[in-house]
Enquirer: 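Submitted below is the structure of interest, expressed as structure tokens.
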Amino acid sequence: MTDLTKLKDLLKNEVIDTALDDWLGLYEIIWALNSLAPDVTQVEKRSLAAEVARELIKEPRFQLVRVRWSIPKSEVPLARDQETMLEEPSSWDPPSEGEEYLAITAVA
């Protein structure tokens with residue numbers, strides 16, 4: 001059985017490390033959990049990923065942005081309530097080529 005508290009801490013550190021240098025798609029947080037904890041259910045992964053993302057976007061150094069897949073420097077900060085965006089199931093879907101997706105990144 002996976003210790004979800006330790007898993008959350010590990011995941012949060014991974015997200016921070018990536019988001020400080022680049023953007024990290026919300027779907028990539030789920031992918032990280034698939035590798036870190038394959039025994040955890042998808043529902044638990046989504047919940048844990050949303051909890052980590054919610055904590056980070058409350059910090060002044062991180063934000064949720066909209067990014068167009070495969071287009072460098074295409075991020076657009078979100079004007080609407082970022083926490084609400086985390087609750088939308090489609091926010092966690094991987095993009096197809098050319099589609100927009102949500103990502104966490106450091107504030108410039």
Side-chain angles (χ1 to χ4, degrees):
M1 175 131 187
T2 301
D3 180 341
L4 293 181
T5 302
K6 287 182 182 177
L7 180 59
K8 178 185 167 190
D9 291 342
L10 180 62
L11 178 65
K12 188 172 183 177
N13 287 333
E14 284 198 22
V15 172
I16 288 170
D17 286 346
T18 302
L20 286 173
D21 293 325
D22 200 358
W23 57 70
L24 180 69
L26 296 183
Y27 69 96
E28 293 175 294
I29 300 172
I30 301 293
W31 286 1
L33 283 169
N34 288 339
S35 297
L36 292 170
D39 59 320
V40 173
T41 69
Q42 288 299 313
V43 171
E44 289 173 312
K45 287 175 186 170
R46 175 78 55 95
S47 175
L48 191 60
E51 189 176 337
V52 166
R54 195 173 296 107
E55 287 178 10
L56 290 178
I57 63 173
K58 285 182 179 178
E59 294 183 21
R61 64 184 176 149
F62 295 103
Q63 65 181 337
L64 198 59
V65 295
R66 187 171 302 284
V67 179
R68 184 163 303 276
W69 190 81
S70 77
I71 299 177
K73 304 294 181 197
S74 64
E75 76 245 21
V76 176
L78 298 173
R80 61 183 274 215
D81 182 30
Q82 294 185 12
E83 286 191 52
T84 301
M85 299 290 290
L86 296 176
E87 301 305 320
E88 295 178 15
S90 62
S91 295
W92 298 90
D93 293 340
S96 296
E97 187 170 349
E99 285 186 337
E100 290 184 341
Y101 64 96
L102 295 180
I104 294 177
T105 191
V107 174

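All values below come from the heavy atoms of this structure, side chains included, with hydrogens, waters and symmetry mates left out.
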Enquirer: Look up atom CG in Leu24 and atom OG1 in Thr105, then write down how far apart they are to the nearest 0.5 Å.
Expert: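 Taking CG in Leu24 and OG1 in Thr105, the distance rounds to 9.0 Å.
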Enquirer: Stepwise, does the side-chain contact (heavy atoms from CB on, under 4.5 Å) test hold for Leu7 with Val40?
Expert: CA-CA 10 Å; Leu7 180 59; Val40 173; 4.1 Å; yes
Enquirer: Kindly say whether Glu44 contributes a backbone atom to a donor-acceptor pair with the side chain of Thr41 at under 3.5 angstrom?
Expert: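 Yes, because the side chain of Thr41 sits within donor-acceptor range (under 3.5 Å) of the backbone of Glu44.
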Enquirer: Roughly how far, to the nearest 0.5 Å, is the CZ atom of Arg46 from the CG atom of Leu86?
Expert: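 If I round to the nearest 0.5 Å, the distance is 10.5 Å.
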Enquirer: Which atom names give the shortest non-hydrogen contact between Leu33 and Lys45, and what distance separates them?
Expert: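 Nearest pair, atom of Leu33 first, then Lys45: CD1-O, 3.4 Å.
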Enquirer: How long is the span from the CG atom in Asn13 to the OG1 atom in Thr18, to the nearest 0.5 Å?
Expert: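 Taking CG in Asn13 and OG1 in Thr18, the distance rounds to 11.0 Å.
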Enquirer: Between Ala53 and Trp92, what is the shortest heavy-atom contact and its length?
Expert: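 Looking at all heavy atoms of both residues, the closest pair is CB-CH2, 4.3 Å.
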Enquirer: Rounded to the nearest 0.5 Å, what separates atom CD in Glu88 from atom CG in Asp93?
Expert: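 Atom-to-atom, Glu88:CD and Asp93:CG are 11.0 Å apart.
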Enquirer: Would you say Lys8 and Leu4 make side-chain contact, with heavy atoms under 4.5 Å?
Expert: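 No. Closest side-chain heavy atoms not under 4.5 Å.
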Enquirer: For Glu51 and Lys12: C-alpha separation, side-chain torsions, deciding distance, then whether side-chain contact (heavy atoms from CB on, under 4.5 Å) applies.
Expert: CA-CA 9 Å; Glu51 189 176 337; Lys12 188 172 183 177; over 6 Å; no
Enquirer: Quick one: does Gln63's side chain get under 4.5 Å of Ile104's, heavy atoms only?
Expert: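 Gln63 does not reach Ile104 side chain to side chain.
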Enquirer: Could you walk me through whether Leu26 and Met85 pass the side-chain contact (heavy atoms from CB on, under 4.5 Å) check?
Expert: CA-CA 11 Å; Leu26 296 183; Met85 299 290 290; over 6 Å; no
Enquirer: Might you point out which heavy atoms bring Leu64 and Gln82 nearest each other, and give the distance in Å?
Expert: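 The pair with the smallest heavy-atom distance is N-OE1, 3.1 Å.
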Enquirer: How far apart are the closest heavy atoms of Trp31 and Pro94, and which atoms are they?
Expert: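 The pair with the smallest heavy-atom distance is CZ2-CB, 4.1 Å.
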Enquirer: Treating Ile, Leu, Val, Met, Phe, Trp and Tyr as nodes and any side-chain heavy-atom pair under 4.5 angstrom as an edge, say whether Trp23 and Val107 lie in one connected cluster.
Expert: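 Per the 4.5 Å side-chain linkage, Trp23 and Val107 are not co-clustered.
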Enquirer: With no hydrogens and no angle check, is any side-chain donor or acceptor of Arg61 less than 3.5 Å from a backbone partner on Ala106?
Expert: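 No: the side chain of Arg61 does not pair with the backbone of Ala106.
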Enquirer: Can you tell me how far the CG atom of Leu56 sits from the CD1 atom of Ile29, to the nearest 0.5 Å?
Expert: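 Answer for the CG-CD1 pair, Leu56 versus Ile29, is 7.5 Å.
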Enquirer: Could you pull out the closest heavy-atom pair between Ala103 and Val67, with the gap in Å?
Expert: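 For Ala103 versus Val67, the nearest heavy atoms are CB-CG2, 3.9 Å.
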Enquirer: Of all heavy-atom pairs between Ser91 and Leu102, which one has the smallest distance, and what is that distance?
Expert: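 It is OG-CD1, 3.3 Å.
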